[in-house]
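Everything below concerns the one structure shown next.
Just so it is clear: chains get the letters A, B, ... in the order the sequence lines come, proteins before strands, and each one is counted from 1.
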2 protein chains.
Amino acid sequence: MTSDTEHGNRPLRADAERNRGRIVEAAREVFAAHGLAASLDDVARTAGVGIGTLYRRFPTKEALLSAVFDQVVVEITDEVDRHAANQDPWAGLVALITDVLQRQSGDRGVFEICTKADFGHLERISAHYVPAVEALITRAKAAGQVRADVTGTDIGPVIVMLSAVGDATRAADPQLWRRYLALVLDGIRAPGVSPLHPNRVSHTELMAAISSSRV
Amino acid sequence: MTSDTEHGNRPLRADAERNRGRIVEAAREVFAAHGLAASLDDVARTAGVGIGTLYRRFPTKEALLSAVFDQVVVEITDEVDRHAANQDPWAGLVALITDVLQRQSGDRGVFEICTKADFGHLERISAHYVPAVEALITRAKAAGQVRADVTGTDIGPVIVMLSAVGDATRAADPQLWRRYLALVLDGIRAPGVSPLHPNRVSHTELMAAISSSRV
DNA sequence: GTAGAAGCGGAGGGAACACCTCCGCTTCTG
DNA sequence: CAGAAGCGGAGGTGTTCCCTCCGCTTCTAC
């Protein structure tokens, strides 16, 4: 955010640096509202600069996405690691799911970098997410907090599910997803009642499936 | 499907009638795979006819959508009414949710006519769906089968949620949504554990929100 | 103050993709 | 077998992207 150079070389002129900041800020807003497919013309308009200015600073769309989301990825992975370290595994799991959803609800850009493989952020996130969730689920099951037939690979789909309901109901009530989170948590909690359809799908297969859906 | 006239007037020539059938069938397939935004060129190609032939028979995209989905809407509303009449309200509710999801999982076209207001099918469906679900929930709560803090307006979001997970995990395992259905059903079942975020949103508001999401 | 480097805006090129029209040619039917 | 009906698909029109180019403006170092 506060980098005052372009590629670590010559510092930018003051007005250029100011515009760069505006562009990143506008991109964040626009991607949050319309997803990563939003047009760069839209970003430039929101930033109040010409499209040429945007492209001089960020030669490709991907460069802009990096500038906007690299920091967010670090925040998310830190958060995930922190929750994994929670002494109470159930509390950690709930906090992890809640935090991820809170970030995603209301920010379609974040949602998409977490679920679409297109731009490489997903890999970095899942490298932290997968072991964290596996450890939490194992510990929570050992403590009798989570039903025995739930696995670590179920949490990804649970997040997708709640994220979808958050998106769908946002216009009616932006916090309504919390209601369905509570419902689903009650479903995950021990002891289960309904028998579960078997889940023989790996994290890797799930990631691939999720990021390829709704093309 | 077996209509052998265009607007109830002169019957079509045999080859034209044959092509009309192929077009409707191809449209069903293409919309199922790619959603209602799929292009009519794609439909024509799949049907093995020229784009001109398609447009002569269906002057607008909407006419084709009607030909494809009007019957589906009737089937859905019949199904919904039938489940509402189930003596065991819990069994009826589960069957209703399962049937809707079964139809939607694997058919993006059906999913979209059920959730997007664009083409007017949603209204016809919800005219049956809303009273059916309200009656089932009321009866199921009276029988102690559903937790007291769940309402009729929760079932729509639940379907959206499971439909999203079905879509996301389809490539990994097309039946995996059943696993999360069981999880959610356990969450809906009486007695609840986690307190639910209040739901002060009407069916109408929810429909509007859902059909306007992911524009 | 000023020269010139740095930066700026936005028209527009090029590509992709959608819906739909038109018309010369083909096929069916009475 | 005549002529009505139907056919195909090139192409018109429109939209929406990403990105380039270049004449003009603004900043900054001296």
Can you give each donor-acceptor pair under 3.5 Å made by side-chain atoms of residues 89-106 of chain A, sequence neighbours left out, with the distance rounded to 0.1 Å?
unit_1 : atom_1 : unit_2 : atom_2 : d
A:T98  : OG1    : A:V94  : O      : 2.6
A:D99  : OD2    : A:H83  : NE2    : 2.7
A:R103 : NE     : A:E79  : OE1    : 3.2
A:R103 : NH1    : A:E75  : OE1    : 3.3
A:R103 : NH2    : A:E75  : OE1    : 3.3
A:R103 : NH2    : A:E79  : OE2    : 3.2
A:Q104 : OE1    : A:S163 : OG     : 3.2
A:S105 : OG     : A:W177 : NE1    : 3.4

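The side chain to side chain donor-acceptor pair (under 3.5 Å) check on A:E123 picks up nothing, with sequence neighbours excluded. Residues forming a side chain to side chain donor-acceptor pair (under 3.5 Å) with A:N19 (at least two apart in sequence, or on another chain): A:R22. Contacts of B:E25 classified as side chain to side chain donor-acceptor pair (under 3.5 Å), with partners at least two apart in sequence or in another chain: none.
As a whole-Å value, the separation of B:H34 NE2 from C:dA18 C1' is 15 Å. The distance between atom CG of B:L64 and atom P of C:dA18, rounded to the nearest whole Å, is 15 Å. Distance A:E17 CD to D:dT26 C1': 17 Å, rounded to the nearest Å. A straight line from CZ of B:R20 to C1' of D:dC7 spans 17 Å, rounded to a whole angstrom.
Ion pair B:D42/B:R45 flagged as a salt bridge, since at least one NZ, NE, NH1 or NH2 atom sits closer than 4.0 Å to an Asp/Glu carboxylate oxygen.
Side-chain N/O atoms of A:T53 include one lying less than 4.0 angstrom from OP1 or OP2 on C:dG9. At least one side-chain nitrogen or oxygen of B:N19 sits closer than 4.0 Å to the OP1 or OP2 atom of D:dC7. The side chain of B:R45 contributes no N or O atom lying less than 4.0 Å from OP1 or OP2 of D:dG9.
Residues in residues 125-137 of chain A take part in these side-chain hydrogen bond (donor to acceptor under 3.5 Å, both in side chains) pairs, two or more places apart or across chains: A:D81-A:H128, A:E134-A:H203.
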#### Entry: Contact state string [nucleotides 19-30 of chain C, B base, S sugar-phosphate only, - no protein heavy atom under 4.0 Å]
BBB-----BSS-
